[in-house]
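In what follows, a structure is listed as structure tokens, so that the remarks can point back to it.
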There are 2 protein chains.
Amino acid sequence: MNKMNNENTVFVEVLTNIFTVEKGKLKILLARKNTEPYKGYWELPNKILSNEETLEETKEKILEETIGTSNIYTEQNYTFSKLDRNPNNRILATSYIGLIDSKTIEIKNKKNENNWEWFTINELPKIAFDHKEVIENATELLKTKLVSANILKKLFPSDFTLPELQEIYENIMNKKLDRRNFRKKFINLGLIEDTGYKSEGRSGRPAKLYRFKETIKETYLF
Amino acid sequence: MNKMNNENTVFVEVLTNIFTVEKGKLKILLARKNTEPYKGYWELPNKILSNEETLEETKEKILEETIGTSNIYTEQNYTFSKLDRNPNNRILATSYIGLIDSKTIEIKNKKNENNWEWFTINELPKIAFDHKEVIENATELLKTKLVSANILKKLFPSDFTLPELQEIYENIMNKKLDRRNFRKKFINLGLIEDTGYKSEGRSGRPAKLYRFKETIKETYLF
DNA sequence: ACAAAAGTGTTAACTTTACACCCATGT
DNA sequence: ACATGGGTGTAAAGTTAACACTTTTGT
């Protein structure tokens, strides 16, 4: 079996779904396409796998180029292989999810004049290729993961309020939760602690700011 | 970007982890290798992705050739890309899990003079390539899935006993469960029904045979 | 009659749900 | 002083966990 004599080799690209939470909204990082095909549409950060690299190494390069660090929580999601997913070539795509908290992001963003923009997951722009399907797939995976407390910690900055946390859960589970019960449950889990500070800027009574404790045990919520 | 001018294309193979449950043991289907490399070792059923096929189509071909049907529950698991995972060529591997109940299997096995053999997941033979890693990865995924009742239904034949079901759960969760509580929980979930028949062959009192109801709602156990 | 494995019920501890009023801030 | 959103407690219902003896079969 020699590659040069064989038609059955394919391109493989890596797609990254980088998520963060900001003001109780789940957001994803997209890039505007400035060339055809799909000029003016938005796509997931991506890169073709080279013959000397693993998928993981390729994923890390993308992260470095977009958010300036590959030192975040990531997880492989799915490999897409439809014949026509790219109009020019047969390209398989392996997608990853990555989670970064919004505090860390703000710093990195300033370093780059960015093609990149954050979009709330329910308010996406026109999406290039089959990336909408990829995003939906990744979002579903993330939602199932979000019932695990350790994942939550990767997404939330050091300071967050319980109403913000509750909002995310209500979006994920698509139902209203009782404020008292939500609060009781989370505080009793012992995963978070009061920072002593309060939120500001919104109308109404300011909310207490919490952080995740340094070491939390793997716990399943809901 | 033209493939013939570009070194950055790779082979992709599909690997299938086909699971069943027999007498309360979780088993996987492997093939003996009769050629080098790894002659005499066992490998997962596999096939190289062709340029005219999707991963899903390739997976279905493997299933037809091994168990005689592709009409079983499957799920994509992970794509492996280490540079040296195959000694001859750079080959990526996308693995799938497939679930079939042991009653259906017995029929299919008779049709084929088979290179294939079922191995209990805790008593595997010498495994070729990185397939041990692949199997471990797939088994972990399956274990997390097994807390969902719909998956369970794919794995279990029409008739099973509660002690068998309990044994699987004890293996998965790696702890002993109380027989009374297990039974109460499962029966109260309303997913299974008594067939009216009893098991035979073992010593001791025969166990009642149960089956999953036709339509069961998605329920999470444990 | 004995060995082996299956079947059964009750109580206490814990978890989840439902529910309404007061509090802190900005305008 | 009013509008906005945040914070708090209690009781009822439901779920889970702990626990030991009896039943059915084969030998």
Side-chain angles (χ1 to χ4, degrees), chain A residues 21-25 146-149 156-157 159-211 217-222, chain B residues 21-25 146-149 156-157 159-211 217-222:
Chain A
V21 166
E22 221 176 353
K23 300 202 181 70
K25 303 279 188 201
L146 274 184
V147 298
S148 140
F156 272 82
D159 293 11
F160 59 87
T161 69
L162 281 177
E164 278 170 8
L165 202 56
Q166 185 175 341
E167 191 183 348
I168 288 282
Y169 275 96
E170 288 180 343
N171 288 337
I172 288 168
M173 300 198 293
N174 203 27
K175 67 172 179 184
K176 285 277 168 213
L177 300 172
D178 182 276
R179 201 159 64 232
R180 284 162 291 194
N181 292 337
F182 183 84
R183 169 175 291 275
K184 217 180 312 167
K185 176 161 189 166
F186 242 92
I187 289 171
N188 285 344
L189 282 169
L191 304 173
I192 63 176
E193 56 195 5
D194 194 335
T195 63
Y197 298 97
K198 293 186 171 183
S199 68
E200 39 188 69
R202 297 220 202 181
S203 78
R205 173 174 176 173
K208 290 184 187 170
L209 289 168
Y210 291 85
R211 70 169 80 92
K217 63 180 186 307
E218 184 62 9
T219 312
Y220 289 86
L221 297 44
F222 305 99
Chain B
V21 166
E22 221 176 353
K23 300 203 182 70
K25 302 278 187 201
L146 275 184
V147 298
S148 141
F156 272 82
D159 292 12
F160 58 87
T161 69
L162 282 176
E164 275 170 10
L165 202 57
Q166 184 175 342
E167 189 184 349
I168 287 283
Y169 275 96
E170 288 181 343
N171 288 337
I172 288 168
M173 301 198 292
N174 204 25
K175 67 172 179 187
K176 284 277 167 215
L177 300 172
D178 182 275
R179 200 159 65 232
R180 284 161 292 193
N181 292 336
F182 183 85
R183 169 176 291 273
K184 218 180 309 168
K185 177 161 190 167
F186 242 93
I187 289 169
N188 285 344
L189 281 169
L191 305 174
I192 63 176
E193 57 194 7
D194 193 335
T195 62
Y197 297 97
K198 293 187 172 183
S199 69
E200 40 187 69
R202 296 219 205 185
S203 80
R205 174 174 175 172
K208 290 183 187 170
L209 288 168
Y210 290 85
R211 70 170 80 92
K217 62 178 188 306
E218 184 61 8
T219 311
Y220 288 87
L221 296 44
F222 306 97

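Quick note on labels: first sequence line is chain A, next is B, and so on, each numbered from 1.
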Calculate the interatomic distance between [X] atom [atom1] and [N] atom [atom2]; express it in whole Å.
{"X": "Lys185(A)", "N": "dT8(D)", "atom1": "NZ", "atom2": "C1'", "value": "19 Å"}
{"X": "Asn188(A)", "N": "dC14(C)", "atom1": "CG", "atom2": "C1'", "value": "12 Å"}
{"X": "Leu209(A)", "N": "dT25(C)", "atom1": "CG", "atom2": "P", "value": "13 Å"}
{"X": "Ile187(A)", "N": "dT16(C)", "atom1": "CD1", "atom2": "P", "value": "15 Å"}
{"X": "Leu165(A)", "N": "dG6(D)", "atom1": "CG", "atom2": "P", "value": "13 Å"}
{"X": "Arg205(A)", "N": "dG5(D)", "atom1": "CZ", "atom2": "P", "value": "15 Å"}
{"X": "Phe182(B)", "N": "dT16(D)", "atom1": "CZ", "atom2": "P", "value": "13 Å"}
{"X": "Lys184(B)", "N": "dA20(D)", "atom1": "NZ", "atom2": "C1'", "value": "13 Å"}

Practice prompt. Quick one: do Lys25(B) and Glu167(B) satisfy salt bridge (charged side-chain N to carboxylate O under 4.0 Å, His left out)? Show the steps, please.
Written response: CA-CA 8 Å; Lys25(B) 302 278 187 201; Glu167(B) 189 184 349; 3.6 Å; yes

Worksheet, complete the sentence: In Leu162(B), Thr195(B), Thr161(B), Asp159(B), the residue satisfying side chain to side chain contact (heavy atoms under 4.5 Å, CB included) with Tyr210(B) is Leu162(B)

Worksheet entry | Sequence-distant partners of Phe186(A), ring pair (Phe, Tyr, Trp, His ring centres under 6.0 Å), two or more places apart | Phe182(A)

Worksheet item: Between Arg183(A), Lys185(A), Lys184(A), which is the residue that forms a side chain to side chain donor-acceptor pair (under 3.5 Å) with Asn181(A)?
Response: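 Output: one option passes, namely Lys184(A).
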
So, OP1 or OP2 of [N]: does either fall under 4.0 Å of a side-chain N or O from [X]?
{"X": "Arg183(A)", "N": "dT8(D)", "value": "yes"}
{"X": "Lys208(B)", "N": "dT8(C)", "value": "yes"}
{"X": "Lys198(B)", "N": "dA5(C)", "value": "no"}

Worksheet item: Quick one: salt bridge (Lys or Arg N to Asp or Glu O under 4.0 Å) partners of Arg180(B), sequence neighbours excluded?
Response: Asp178(B)

From the list [options], which nucleotide is the closest neighbour of the side chain of [X]?
{"X": "Pro206(B)", "options": "dT25(D), dT17(C), dT4(D)", "value": "dT25(D)"}
{"X": "Arg179(B)", "options": "dT16(C), dA20(D), dT25(D)", "value": "dA20(D)"}
{"X": "Asn181(B)", "options": "dT24(D), dA18(D), dC23(C)", "value": "dA18(D)"}

Worksheet item: Between Gly204(B) and Arg180(B), which is nearer to the 5' end of DNA chain D once each is assigned its nearest nucleotide?
Response: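 Nearer the 5' end of the strand: Arg180(B).
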
Worksheet item: Which sits closer to the 5' end of DNA chain C, Asp178(B) or Thr161(B), going by the nucleotide each is nearest to?
Response: Thr161(B)

